[in-house]
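First up is the structure itself, then whatever we jot down about it.
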Amino acid sequence: MVYVLTLISIAILIFIILYNRLITLKYKVKAAWSDIDVQLKRRFDLLPMLADTVKSYSTYERGLFEKITEMRSKIESSQTINEKASLQNDVSKIAKTLLAVAEAYPDLKANQSFIDLQKNISNVEEQIQYARRYYNGTVRDYNTLILSFPSNIVANLFKFKAEDFFEIEFATQKMPPEIKLA
């Protein structure tokens with residue numbers, strides 16, 4: 001009888017420990033996403049200033065204000081990590097377009113406001129990368145725990161769901177050179 005009570009006590013203790021680990025990792029994932037979200041908002045807030053700086057040099061880029069406003073509302077209404085990542089890739093494309101304009105306008109490349117904005121965007125994107133790495137590492141740990149035995153029993157019992165990883169392109173990310181073979 002003592003052995004049975006000991007085994008039941010150990011099983012309950014393991015159950016409690018696993019449940020608490022799952023809860024801890026779930027909230028770490030939420031906190032890590034919050035860090036990414038803050039940095040994404042900082043980057044998004046820089047885009048109108050960048051577009052305004054570029055606007056005086058290129059008539060093509062004037063329509064980007066509308067695109068930026070449209071993207072902001074779509075991002076705010078998006079529900080899943082995958083939706084947010086897809087929309088953030090669109091934001092990166094807009095930022096890449098704005099930064100590419102500087103190559104065609106030497107005066108713009110020398111403009112101090114543009115230089116400062118470009119540095120700020122690079123800094124924010126670096127912070128996004130750090131936050132993304134932490135988030136994805138936390139998601140990896142959480143998802144592994146959900147799928148591992150015996151914690152998968154606790155996870156299924158309390159309906160813990162796997163989280164999506166967050167992958168986006170960055171505006172300052174260099175594209176590999178295109179190699180054409182004759």
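For the pair R140 and N136, the minimum side-chain heavy-atom distance is 4.5 Å or more. Considering only heavy atoms from C-beta on, M49 comes within 4.5 Å of L46 through its side chain. Looking at heavy atoms from C-beta onward, L40 lies in side-chain contact with F166 at the 4.5 angstrom threshold. Proximity of I81 to Y135: side-chain heavy atoms (C-beta onward) are separated by under 4.5 Å at one or more points. Proximity of F44 to M71: side-chain heavy atoms (C-beta onward) are separated by under 4.5 Å at one or more points.
With respect to K41 and D45, no salt bridge is recorded, no charged nitrogen being found less than 4.0 Å from a carboxylate O.
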Ignoring hydrogens and angles, write down the donor-acceptor pairs under 3.5 Å from the side chains of residues 17-36, residues two or more places apart or on other chains.
from	atom 1	to	atom 2	distance (Å)
N20	ND2	I16	O	3.4
T24	OG1	N20	O	2.8

Pairs of donor and acceptor atoms involving the side chains of residues 150-157, under 3.5 Å and at least two apart or interchain, shall be tabulated with distances.
from	atom 1	to	atom 2	distance (Å)
S151	OG	L145	O	2.3
S151	OG	S148	O	2.9
N156	ND2	N152	O	3.2

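If you take CG on D37 and CD1 on I128, they are separated by 10.0 Å, rounding to the nearest 0.5 Å. Annotation: the span from N143 atom CG to T138 atom OG1 amounts to 10.5 Å, rounded to 0.5 Å. One distance of note links NZ of K84 with OG1 of T80; it measures 8.0 Å at 0.5 Å rounding. Atom NZ of K159 and atom CD1 of I146 lie 13.5 Å apart (nearest 0.5 Å). The distance from atom OG of S73 to atom CG of L87, rounded to the nearest 0.5 Å, is 9.5 Å. Interatomic distance, CD of E83 versus CD1 of I75, reported as 11.5 Å (0.5 Å rounding).
Residue-environment remark: OH (Y3) stays at or below the threshold of 12 foreign heavy atoms within 6.0 Å.
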Before giving the answer on side-chain contact (heavy atoms from CB on, under 4.5 Å), spell out for Q118 and I121 the whole-Å C-alpha distance, their side-chain angles and the decisive distance to 0.1 Å. CA-CA 5 Å; Q118 197 171 19; I121 287 174; 5.9 Å; no
Does the side-chain hydrogen bond (donor to acceptor under 3.5 Å, both in side chains) test come out yes or no for Q39 and R42, once each step is laid out? CA-CA 5 Å; Q39 298 304 324; R42 280 184 59 208; 2.8 Å; yes
For R43 and Q127, what are the C-alpha separation, side-chain angles and deciding distance, and is it a side-chain hydrogen bond (donor to acceptor under 3.5 Å, both in side chains)? CA-CA 10 Å; R43 177 177 77 160; Q127 296 303 315; over 6 Å; no
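Nearest heavy atoms, A95 versus L47: CB-CD2, 3.6 Å.
Under the 3.5 Å distance criterion, the side-chain polar atoms of N82 are left unmatched by any main-chain donor or acceptor of D164. A donor-acceptor pair under 3.5 Å links the side-chain atoms of Q79 to the main chain of S77, judged by distance alone.
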